[in-house]
Protein chains: 2
Amino acid sequence: MSTAQGARARARIEVTAAIKDAARRQLAAEGAAKLSLRAVARELGMVSSALYRYFPSRDDLLTALIIDAYDSLGEAAETAHAKAAATDHVRRWTTVCEAVRAWALAHPHEYSLIYGSPVPGYAAPETTVPAAARVGLLLIGIVRDAARDPGLAGLPLPAELRPEGERMVRDLAPDLPPGAAVALVAAWAQLFGLVGFELFGQFHRVVEDREAFFRHAAARLARDVGLVHR
Amino acid sequence: MSTAQGARARARIEVTAAIKDAARRQLAAEGAAKLSLRAVARELGMVSSALYRYFPSRDDLLTALIIDAYDSLGEAAETAHAKAAATDHVRRWTTVCEAVRAWALAHPHEYSLIYGSPVPGYAAPETTVPAAARVGLLLIGIVRDAARDPGLAGLPLPAELRPEGERMVRDLAPDLPPGAAVALVAAWAQLFGLVGFELFGQFHRVVEDREAFFRHAAARLARDVGLVHR
DNA sequence: CCGAAAAGAGAGCACTGCTCTTGTGCGAGA
DNA sequence: TCTCGCACAAGAGCAGTGCTCTCTTTTCGG
């Protein structure tokens, strides 16, 4: 059986978790670039080489943290979303947007890790894809519900983008009008543009009341994906 | 006089330029995290310590590269913009957007440096501000011209954002309607969200025809800031 | 119970940013 | 024109990094 593990296996997952915890602490404190395997090992009272029994390289540890970060963000978004009235699609949308922003402000270095520039020569492995998709799926669900309800304004789609929109609908967002699918992807990217600019300091001396500014921008994004009140 | 420098001063600026060139090559090849002072020194046939006569630290070298990158992007945008008809504000807008995207795709690591996550514990010094503002100023100019022309649709601004909008107009975009100023800043951030998502791989298996997708999104951004054809 | 596998410890390699000390050649002032 | 000072270069060295290798200890399964 897999539940009744020996002490060995149990210790392994405990140590693995401890390593990730320590690494996450360092990440939060200093950022990804200063995350050091040796420092993590020191904090845990082990020697650095021992750590390689758990993560074959620094990049693998980073990958684990990336997946966790995606999951944490996804869960934060889903939790917030669950509290919004299921009938008000605009409110659902803005709630998710604000949850993303709040999570980013609370976990800046983790946000950088997943939505900032990809680290060194590092290419995110396929493993991260499911976790990365969570927020996107949430947004798709909102727009889909609105399309059914129906509280979705018609969205124009130029002819040259029609194939692309239909492919999106087929591959990732069934039951969505192609125009909404394209608009949704754009809004999704734009949402993270807003968050990233605020977090990375581009709004320095440009936007002061960032809370209100973001709320307004998120509401406009809702309109851009065709969501309308009621 | 400042033009007739001695050989010494001339050598200094030449060496400084050579260091930046070599560093830029490494940056383009491997990314900011792998940019190494020692490797730069090796490439130039000097010893690593000699390099500190020109840049007091690795971060200072990076800062110089950041400023150059902002300038390069700004110049690319301005050059493209100059070729667009001065009367078609939508076209001017999309031209600048596409120039930004093209520059980013051509210089991914430099783009990461300026619009990705800020490196280590590094906070961009004030020196970078003027260079960083170039693209923004360009966009402000377009919207301002449109507001005069008049080819600017009215933009609603909720009461809670009115002070913010008025401050923006006062501090950075005189002669703009407050609603347009707020919308412009949002569109500016959203533009870089689109570019960043494409560049950093978030569109993997999501957007295929990225050229067309971006063109469409940029046109919608133009509409969002109130630009209308003719 | 005992052999295999897993885990930890330690030394070591090649690399990094950065500092300090020691020459050396250019150039501006007397 | 000479000379003193300073900018520059070179080298050694320190503390830190990721990662590998070897050796010992611990633990588990047949």
Side-chain angles (χ1 to χ4, degrees), chain A residues 1-20 22-23 25-27 29-66 113 118-123, chain B residues 1-20 22-23 25-27 29-66 113 118-123:
Chain A
M1 5 221 89
S2 61
T3 55
Q5 307 259 358
R8 187 152 224 161
R10 174 184 318 268
R12 190 171 219 305
I13 56 180
E14 268 173 21
V15 174
T16 305
I19 292 173
K20 286 209 287 185
R25 267 193 299 278
Q26 283 199 18
L27 176 64
E30 301 271 18
K34 293 205 174 168
L35 183 141
S36 142
L37 280 188
R38 294 179 109 113
V40 170
R42 261 194 309 270
E43 186 175 328
L44 298 180
M46 28 170 42
V47 95
S48 73
S49 59
L51 217 143
Y52 285 82
R53 302 264 175 211
Y54 298 87
F55 295 93
S57 79
R58 183 181 180 277
D59 276 2
D60 290 273
L61 176 54
L62 229 35
T63 301
L65 294 183
I66 286 176
L113 198 58
V119 282
Y122 171 89
Chain B
M1 12 216 86
S2 63
T3 55
Q5 307 258 359
R8 188 150 222 160
R10 176 185 313 268
R12 186 172 179 65
I13 58 180
E14 268 173 21
V15 173
T16 306
I19 292 173
K20 286 209 289 186
R25 268 194 299 277
Q26 283 199 19
L27 175 64
E30 301 271 17
K34 293 205 175 170
L35 183 141
S36 143
L37 279 188
R38 294 180 107 111
V40 169
R42 261 193 310 269
E43 186 177 327
L44 298 180
M46 27 170 43
V47 94
S48 74
S49 59
L51 217 141
Y52 285 82
R53 300 263 171 205
Y54 299 88
F55 294 93
S57 81
R58 182 180 180 278
D59 276 2
D60 290 273
L61 177 54
L62 268 181
T63 301
L65 294 182
I66 286 176
L113 198 57
V119 283
Y122 170 89

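Every heavy atom of this structure was used, including side-chain atoms; hydrogens, water molecules and symmetry mates were not. Since the structure is predicted, the reported quantities are computational estimates derived from the model, not experimental observations. Proteins get letters first, then strands, A, B, ... in listed order; numbering begins at 1 in each.
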With sequence neighbours left out, what residues match Ser57(B) under side-chain hydrogen bond (donor to acceptor under 3.5 Å, both in side chains)?
Asp60(B)

Value in whole Å for how far the C1' atom of dG18(D) lies from CG of Asp60(A):
13 Å

First and last nucleotide of DNA chain C, 5' to 3', lying under 4.0 Å from heavy atoms of chain B
dT16(C) to dG27(C)

Pick base, sugar-phosphate or nothing for Tyr54(A), based on heavy-atom distances below 4.0 Å to the nucleic acid.
sugar-phosphate

Atom-pair distance (CD on Glu14(B); P on dC8(D)), nearest Å:
13 Å

Can you sort out the partners of Ala39(A) under side-chain contact (heavy atoms from CB on, under 4.5 Å), two or more places apart, ordered by chain and number?
Gln26(A), Ser36(A), Arg42(A)

Using a 4.0 Å heavy-atom cut-off, does Leu35(B) contact any base of the nucleic acid, only the sugar-phosphate backbone, or nothing at all?
sugar-phosphate

Distance check needed: dG18(D) P versus Lys34(B) NZ, whole Å only.
13 Å

Which residues pass the side-chain contact (heavy atoms from CB on, under 4.5 Å) test with Ala29(B), sequence neighbours left out?
none

Taking side-chain contact (heavy atoms from CB on, under 4.5 Å) as the test, write out the residues that go with Ile13(A), two or more places apart.
none

What's touching nucleotides 19-26 of chain D from the protein side, N or O pairs under 3.5 Å?
| residue | atom | partner | partner atom | Å |
| --- | --- | --- | --- | --- |
| dC19(D) | OP2 | Tyr52(A) | OH | 3.3 |
| dC19(D) | OP2 | Arg58(A) | N | 2.7 |
| dC19(D) | N4 | Arg38(A) | NH1 | 3.3 |
| dT26(D) | O2 | Arg8(A) | NH2 | 3.4 |

Quick one: list whatever passes salt bridge (charged side-chain N to carboxylate O under 4.0 Å, His left out) with Arg25(A), sequence neighbours left out.
Glu43(A)

Contacts satisfying side-chain hydrogen bond (donor to acceptor under 3.5 Å, both in side chains) that involve residues 44-53 of chain B (not counting sequence neighbours) are none

With sequence neighbours left out, write down each residue that passes side-chain hydrogen bond (donor to acceptor under 3.5 Å, both in side chains) with Arg38(B), or none if nothing qualifies.
none

Check this one for me: any side-chain N or O of Arg42(A) less than 4.0 Å away from OP1 or OP2 of dT17(D)?
yes

Quick check for you: to the nearest 0.5 Å, what is the distance between Leu113(A) atom CG and Ile66(A) atom CD1?
4.5 Å

